[in-house]
There are 2 protein chains.
Amino acid sequence: MARENLWMRPERPARGPQPNYSRAALTEAAVRVADAEGLEAISMRRLATEIGAGTMSLYRYVSGKDDVIELMVDAVVAQYLPEGTVLSGDWKADLGALARRARLTMLRHPWLAPLAASRQGASPNRLRLLEASLRMVDGLGLGVDEMLTLIGGVFAYVNGFVQSELAEAEALRRTGLDLREWTALQKPYLMSIIASGDHPMVTKMATEGGRAYGDVEERFEYGLERLLDGIEARLPER
Amino acid sequence: MARENLWMRPERPARGPQPNYSRAALTEAAVRVADAEGLEAISMRRLATEIGAGTMSLYRYVSGKDDVIELMVDAVVAQYLPEGTVLSGDWKADLGALARRARLTMLRHPWLAPLAASRQGASPNRLRLLEASLRMVDGLGLGVDEMLTLIGGVFAYVNGFVQSELAEAEALRRTGLDLREWTALQKPYLMSIIASGDHPMVTKMATEGGRAYGDVEERFEYGLERLLDGIEARLPER
DNA sequence: CATAATTGAGTACGCTGTACCCGGTTTCGT
DNA sequence: ACGAAACCGGGTACAGCGTACTCAATTATG
């Protein structure tokens with residue numbers, strides 16, 4: 001159980017035969033499969049056949065499935081901050097843009113949101129991201145701890161929002177139903193709630209709420225901007 | 001695969017012999033096991049032995065493991081809003097209190113946060129919660145859709161924050177390491193990052209950042225209050 | 001050139017969720 | 001009163017999972 005740190009192990013040691021595969025290939029395959037079929041389609045056997053290796057060979061590159069997940073997250077999180085991104089110096093604009101790219105990345109890789117939300121061990125691209133985020137809010141008169149609190153708050157919102165945004169799609173994938181069947185299943189229950197009369201506000205929502213209530217984009221922006229506004233209002237004056 | 005809606009199926013049908021067990025007992029056992037040993041300790045076999053039933057008997061009460069999860073979430077989410085909670089009429093105070101109770105509940109049941117964040121199908125207690133939340137922000141001059149956007153934003157923040165708050169503890173459970181071993185594993189990597197000189201802000205953080213950087217409570221409050229402030233500032237004037 | 005280190009991969013173990021049965025029990029329709 | 005229908009408890013079985021262990025083949029080092 002004495003697992004070594006994934007990011008410390010050199011890709012290529014000295015003595016033995018040269019490897020046929022690579023972490024990069026493994027990561028690429030994992031991301032591809034998860035994108036197409038969801039995170040639960042990822043298995044060591046599946047990944048092995050995907051790259052043409054024997055199952056147990058993967059363990060030469062990675063100390064277990066958890067490392068594969070770690071590699072996937074680190075690989076994809078890089079997209080939050082494309083190479084060559086320059087900072088405008090306007091912290092709200094910079095952090096907002098980062099948040100929006102984070103969201104779009106998670107929408108492209110729907111398996112990412114829950115993982116990103118609940119893992120925060122150090123990894124190359126996560127550290128790159130942290131470095132850039134800290135630079136965005138540097139010079140506002142905040143201490144390092146306060147900067148971390150600020151950034152943490154924004155990412156908390158983004159992660160939480162995207163997860164709930166993806167919740168319905170997730171439910172469809174989990175159950176294997178399509179949207180029509182799904183709503184057909186939920187409707188009678190909601191109807192019974194309405195009929196009971198115990199939930200007037202929910203009833204109002206179900207009857208007069210706009211279909212797919214407002215643009216999702218718009219809702220994301222609303223929360224993000226309110227949060228940034230609220231932060232700005234309490235920044236130390238300079 | 002034609003799964004019926006969990007919440008529509010009556011607990012007790014008409015014809016057959018009376019059941020030995022119950023959804024309530026199953027739910028109680030599931031929550032207890034997950035609290036003590038984590039969500040991955042939950043298996044149909046384990047739950048069955050826990051309540052003294054045969055494995056397949058559980059399927060008389062529940063259409064699959066996913067229903068068990070649904071029952072667990074619904075049961076625990078009830079604690080967000082204790083029976084008899086009265087609203088003050090101050091939406092910020094009410095919604096803030098709800099957010100704080102939600103966080104405390106998720107800390108008591110660490111398996112809840114990821115589930116709550118990514119499931120939002122209708123269920124009795126979730127609907128009760130939604131009803132109460134809507135009542136909190138009713139009368140502010142917002143339409144139903146705008147109320148939902150507001151509430152959704154706050155819960156996004158809470159869910160995201162608690163997940164990241166629990167991330168370290170989660171990592172320990174996943175790996176089976178204790179905190180000492182874990183940091184001993186992370187440290188050399190962080191050291192190598194610092195030594196590389198490519199991440200000055202991260203270095204600053206690692207060297208002068210307060211240990212466990214500030215009270216977690218304080219960080220939660222900071223983000224929550226900034227978000228509520230920002231929302232308040234843009235409410236329609238009345 | 002022997003040796004130590006490393007890779008590739010097969011086999012096997014103990015888990016998992018659940019489809020499919022069957023025998024017993026209770027209630028309903030007649 | 002009695003067959004039928006509906007339901008409960010649960011055993012068996014299957015496909016799939018992560019990974020510990022093992023061993024032959026390969027390579028750089030002494």
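All values reported here derive from a predicted model rather than from experimental measurement. Values below: all heavy atoms of this structure, side chains included; hydrogens, waters and symmetry mates excluded. By convention in this document, chain letters (A, B, ...) are assigned in the order of the sequence lines, proteins followed by strands, and residues within each chain are numbered from 1.
Using a 4.0 Å heavy-atom cutoff across all strands shown, A:Ala48 reaches no nucleic acid atom at all. Heavy atoms of B:Ile42 sit under 4.0 angstrom from primed sugar atoms or phosphate atoms, though from no base atom. Counting any heavy atom pair closer than 4.0 Å across all strands shown, B:Ser43 reaches sugar-phosphate atoms only and no base atom.
Here the C1' atom of nucleotide C:dG17 and the CZ atom of A:Arg174 are 16 Å apart, to the nearest Å. Distance CE (B:Met44) to P (D:dT12): 19 Å, rounded to an integer number of Å. Remark: C1' of C:dC15 and CG of B:Leu47 are 15 Å apart, rounded to the nearest angstrom. Taking atom CG of residue A:Leu26 and atom P of nucleotide C:dT7, one finds them 14 Å apart after rounding to whole Å. Computed from coordinates, the A:Glu40 CD to D:dC17 P distance equals 11 Å when rounded to whole Å.
The nucleotide whose nearest atom lies closest to any side-chain atom of B:Pro17 is, among C:dG8, C:dG24, D:dG9, C:dG24. Residue B:Arg60 has its side chain nearest to D:dG10 when only D:dG10, C:dA9, D:dT27 are considered. Closest contact between the side chain of A:Tyr59 and the listed nucleotides D:dT26, D:dG11, D:dT19 involves D:dT19. Comparing D:dT27, D:dG10, C:dT16 by their closest approach to the side chain of B:Ser57 singles out D:dG10. The A:Gln18 side chain lies nearest to D:dA28 when the options are C:dT25, D:dA28, C:dG17. Relative to the side chain of A:Ala53, the nucleotides C:dA9, D:dG10, C:dT26 differ in distance, and C:dA9 lies closest. For A:Arg15, taking side-chain heavy atoms from C-beta onward, the closest of the listed nucleotides D:dC17, C:dG24, C:dA5 is C:dA5. The side chain of A:Met56 lies closest to C:dA9 when the candidates are C:dA9, D:dG9, C:dG17.
The distance from atom CG of B:Asp145 to atom CG of B:Leu150, rounded to the nearest 0.5 Å, is 12.5 Å. One finds the CG atom of B:Leu112 at 9.0 Å from the CE atom of B:Met72 (value rounded to the nearest 0.5 Å). Atoms CG and CE, on B:Leu134 and A:Met205 in that order, are 7.0 Å from each other to the nearest 0.5 Å. Between the CG atom of A:Leu47 and the CD atom of A:Glu28 there is a distance of 10.5 Å, given to the nearest 0.5 Å.
Between the side chains of B:Trp7 and B:Asp74, no donor-acceptor pair of N or O atoms lies under 3.5 Å.
Remark: the A:Arg45 side chain and the D:dG16 base include no donor-acceptor N/O pair separated by less than 3.5 Å.
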